[in-house]
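Below is one structure, written out as structure tokens; comments come after it.
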Amino acid sequence: MAKHKFSTHHGMVDILPDEVRKWQYLENLIHQEAEKFNFEEIRTPIMEQTELIVRGLGQLTDIVSKEIFSFSRGDDNYVLRPELTAPVVRAFVENHLDQRGGSQKLYYIGPMFRAERPQKGRQRQFHQFGVEVLGSADPVADAEVIAFMVHIYKKLGIANTTLKLNSIGDPESREAYKKALKEYLKPNFEKLSDISQTRFEKNPLRILDSKEEEDQPFIETAPVITDFLSEESKVHYTQVKEYLDDLGISYVEDPYLVRGMDYYTQTAFELISPDLGSQDALAGGGRYDLLVEEIGGKPTPAVGFAAGMERLFIACEELDIKLGSEKSVDIYIVTLGDAARKWGLKQLPAIREKGLSATMDYMGRSMKAQMKDANRENARYTIIVGENELNEGKFTLRNMKESEENQLTMDEILNKLSAWLNVRRSIFYKHPISRSSDRK
RNA sequence: GAGCCCGUAGCUCAGUUGGUUAGAGCGCUAGGUUGUGGCCCUGGAGGCCGUGGGUUCAAUUCCCAUCGGGCUCCCCA
């Protein structure tokens with residue numbers, strides 16, 4: 001490969017025009033469906049104060065301890081946001097969103113940054129969409145958040161997913177469980193994997209999702225957190241499950257599901273897909289009833305999830321789901337000679353005014369090259385203009401698909417195209433998700 | 001942070017057991033059709049064979065390093 005003077009940073013990729021189509025499709029879908037759930041979009045800065053992220057996610061989490069992009073300028077410390085729950089909570093507190101009344105039902109779409117080693121489904125700049133509901137302790141909120149998450153994948157036709165569900169209880173329940181777990185593991189401490197041994201003191205819960213061979217026998221018979229839940233936590237968890245049942249959302253209880261950030265309490269969930277390989281989590285989330293207070297707000301219960309957009313696209317590819325329509329333009333004006341070219345340029349605004357897309361050659365090429373370009377651009381119609389047309393005031397309108405031509409005045413062309421546009425809009429709505437097996 | 005694999009045209013890949021001008025298909029471009037796309041035919045442009053160093057009379061080929069990519073572990077979306 002020829003050497004380029006500049007390139008993107010490791011683990012960061014350009015999203016090129018052909019790819020952007022599917023991004024726009026997904027973003028539009030999220031906006032549209034979020035609106036149906038009455039979730040409102042929130043946009044926060046790409047950078048936050050280092051302290052917010054450290055306090056929010058926990059000093060000892062992997063994200064904070066080794067995956068953060070940070071720098072300082074003067075006395076200020078900046079971090080490229082690695083996730084959006086803590087920033088959204090910050091915005092909630094800083095802008096007194098609780099004063100809007102009721103619970104705040106927010107969603108977001110945007111880039112996140114983690115300094116990890118890239119691999120399939122993992123980049124240093126990646127994109128998430130997610131929901132945060134602040135101010136409700138009601139299990140209905142948990143159920144709705146999960147319902148929205150599941151809804152998006154279902155809408156796209158990503159069917160073979162598994163929703164894993166667990167409750168990690170309130171801090172008291174968790175402490176009791178940690179103690180029991182450590183007591184259970186202690187006699188066999190020496191037999192645990194090295195990683196698990198180091199986690200033993202720091203974060204014993206993480207031992208539960210160890211993939212190390214030697215840990216498996218101990219994990220299989222380990223005590224289960226759901227047995228240690230307080231009465232309140234138990235009721236909450238039971239209700240969440242009930243509501244999910246009512247909504248017809250199936251799930252698999254996984255008592256060993258533990259999530260990465262320190263702020264989680266109670267409900268924890270993950271949506272996984274077998275199509276993703278090693279990074280199999282499409283989305284994950286849970287309750288974080290203590291985070292708002294931790295960040296300096298009033299005690300406020302909350303629940304949310306985050307979903308990886310790149311991973312969603314990987315799942316689509318594996319399932320042969322194509323998002324977004326092919327590129328096309330309604331009108332391509334093909335011109336011969338300078339006078340025609342000038343005329344063509346002047347017609348573009350009127351066509352666009354009708355709500356149609358229109359373009360012409362920018363390179364002064366031959367008619368054949370222009371036709372070829374129109375074909376490549378997937379033009380529905382071409383308007384062909386040369387001296388004859390200019391003299392007669394009638395222009396050639398060519399339907400590219402049917403290869404039919406008519407000699408019409410510009411007014412007639414505009415009327416015809418408007419009619420065509422209306423028909424296309426009202427009757428011929430095509431859902432822009434397809435499988436390649438559907439298309440010829 | 002650790003391990004394994006891979007870097008030859010814009011893309012997908014041949015090839016050189018080390019030896020003059022490095023190939024194909026697709027794509028791009030021009031022409032065949034002096035005013036008509038998709039198919040076909042013909043021509044053209046496009047590569048310091050990722051980068052740096054070493055071995056050698058000679059390196060795209062062998063060795064080392066480096067950068068980039070892929071995958072796995074770890075962790076997460």
Side-chain angles (χ1 to χ4, degrees), chain A residues 1-5 7-13 16 18 57 60-67 81-85 109-130 149 193-196 198-199 203 206 209-213 258-261 269-273 276-285 304-315 332 334-337 340 361 363 365-390 395-405:
Chain A
M1 206 155 287
K3 77 173 167 193
H4 300 284
K5 202 160 190 180
S7 59
T8 59
H9 277 299
H10 195 208
M12 301 188 177
V13 299
L16 303 175
D18 288 338
L57 309 204
L60 294 176
T61 56
D62 282 13
I63 292 179
V64 168
S65 61
K66 53 189 195 198
E67 295 171 3
R81 62 193 195 187
E83 56 103 48
L84 221 50
T85 301
I109 302 176
M112 311 293 160
F113 304 83
R114 293 182 197 173
E116 296 186 278
R117 182 142 179 194
Q119 61 179 269
K120 187 178 184 184
R122 171 183 294 167
Q123 292 166 199
R124 290 187 158 193
Q125 176 175 343
F126 62 105
H127 298 76
Q128 292 185 330
F129 68 93
M149 179 180 85
S193 64
D194 293 347
I195 312 158
S196 292
T198 55
R199 282 175 180 161
N203 195 347
R206 288 229 141 267
D209 56 14
S210 161
K211 285 166 192 161
E212 300 296 319
E213 192 77 35
V258 179
R259 300 204 32 85
M261 270 68 86
F269 55 88
E270 229 171 67
L271 192 70
I272 60 168
S273 159
L276 295 185
S278 178
Q279 269 61 52
D280 67 349
L282 278 169
F305 78 85
M309 296 171 76
E310 282 85 356
R311 289 185 187 178
L312 186 154
F313 290 133
I314 291 172
Y332 191 114
V334 173
T335 65
L336 280 129
D361 169 62
M363 296 172 78
R365 288 183 289 189
S366 68
M367 180 170 181
K368 179 175 176 160
Q370 291 181 55
M371 289 301 292
K372 205 173 168 183
D373 195 37
N375 191 58
R376 180 178 28 233
E377 295 299 321
N378 210 353
R380 314 288 198 211
Y381 288 93
T382 46
I383 296 174
I384 301 168
V385 198
E387 261 179 64
N388 300 342
E389 284 83 351
L390 284 178
F395 307 90
T396 305
L397 180 68
R398 181 181 178 87
N399 180 324
M400 294 297 278
K401 201 168 185 180
E402 311 298 332
S403 297
E404 282 171 5
E405 289 186 2

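Letters A, B, ... are given to chains in the order of the sequence lines, protein chains preceding strands, and every chain is numbered from 1.
Side-chain atoms of A:Lys368 and base atoms of B:G32 include a donor and an acceptor less than 3.5 Å apart. Contact of A:Arg122 with B:A77 (side chain to base): no donor-acceptor pair of N or O atoms is detected under 3.5 Å. Put simply, the side chain of A:Asn388 and the base of B:G35 share a donor and an acceptor less than 3.5 Å apart. One donor-acceptor pair, N or O on each side, does fall under 3.5 Å between the base of B:U36 and the side chain of A:Glu405. Side-chain atoms of A:Asn375 and base atoms of B:G38 include no donor and acceptor less than 3.5 Å apart. At a cut-off of 3.5 angstrom, the base of B:G38 holds at least one donor-acceptor pair with the side chain of A:Ser403. A donor-acceptor contact under 3.5 angstrom links the side-chain atoms of A:Glu116 to the base of B:A77.
Pairing partner, B:G23: B:C13, with both Watson-Crick or wobble hydrogen-bond distances short of 3.5 Å. As the counterpart of B:U33, no nucleotide is assigned, since no Watson-Crick or G-U wobble pattern has both distances under 3.5 Å.
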Under the criterion side chain to side chain contact (heavy atoms under 4.5 Å, CB included), I'd like the reasoning laid out for A:Met367 against A:Val334: C-alpha separation, chi angles, the key distance, then a yes or no.
CA-CA 7 Å; A:Met367 180 170 181; A:Val334 173; 3.9 Å; yes
Derivation of the side chain to side chain contact (heavy atoms under 4.5 Å, CB included) call for A:Thr8 and A:Val13
CA-CA 6 Å; A:Thr8 59; A:Val13 299; 5.7 Å; no
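Proximity of A:Arg376 to the phosphate of B:U29: a side-chain N or O atom is located under 4.0 Å from OP1 or OP2. Contact annotation: A:His127 side-chain N/O to B:A77 OP1/OP2 distance is not under 4.0 Å. Close to B:G70, at under 4.0 Å from its OP1 or OP2, lies no side-chain N or O of A:Gln119. Residue A:Arg117 places no side-chain N or O under 4.0 Å from the OP1 or OP2 atom of B:G70.
Separation of the C1' atoms belonging to B:U29 and B:G15 is 27 Å when rounded to the nearest angstrom. Comparing the C1' positions of B:C74 and B:U56 gives an interatomic distance of 44 Å, to the nearest angstrom. Taking atom P in both B:U12 and B:G7, one finds a spacing of 13 Å when rounded to whole Å. Straight-line distance between the P atoms of B:C62 and B:G69: roughly 24 Å, to the nearest whole Å.
For the pair A:Gln123 CD and B:C71 P, the interatomic distance rounds to 10 Å; values are reported in whole Å. For A:Arg398 and B:G37, the CZ to P distance is 8 Å, given to the nearest whole Å. Atom CD in A:Glu310 sits roughly 14 Å away from atom P in B:A77 (whole-Å rounding). The interatomic distance linking A:Leu16 (CG) with B:C11 (C1') rounds to 13 Å, in whole Å. Atom P of nucleotide B:C28 and atom CZ of A:Arg365 are separated by 10 Å, given to the nearest angstrom. Note: CE (A:Met149) to P (B:A77) measures 11 Å, nearest angstrom. Here the C1' atom of nucleotide B:G35 and the NZ atom of A:Lys372 are 18 Å apart, to the nearest Å.
When atom types are taken as modelled, the side chain of A:Arg81 and the backbone of A:Pro111 share a donor-acceptor pair closer than 3.5 angstrom. The main-chain N or O of A:Thr85 is found under 3.5 Å from a side-chain atom of A:Glu83 such that the two form a donor-acceptor pair.
Atom-to-atom distance recorded for A:Gln123:CD and A:His9:NE2 is 14.5 Å, nearest 0.5 angstrom.
Nucleic acid contact class of A:Gly11 (heavy atoms, under 4.0 Å, all strands): sugar-phosphate only.
A:Glu387 CD: 12 or fewer foreign heavy atoms inside a 6.0 Å radius.
Checking A:Ser366 against A:Ala379, the closest nucleotide of RNA chain B that is more toward the 5' end is the one next to A:Ser366.
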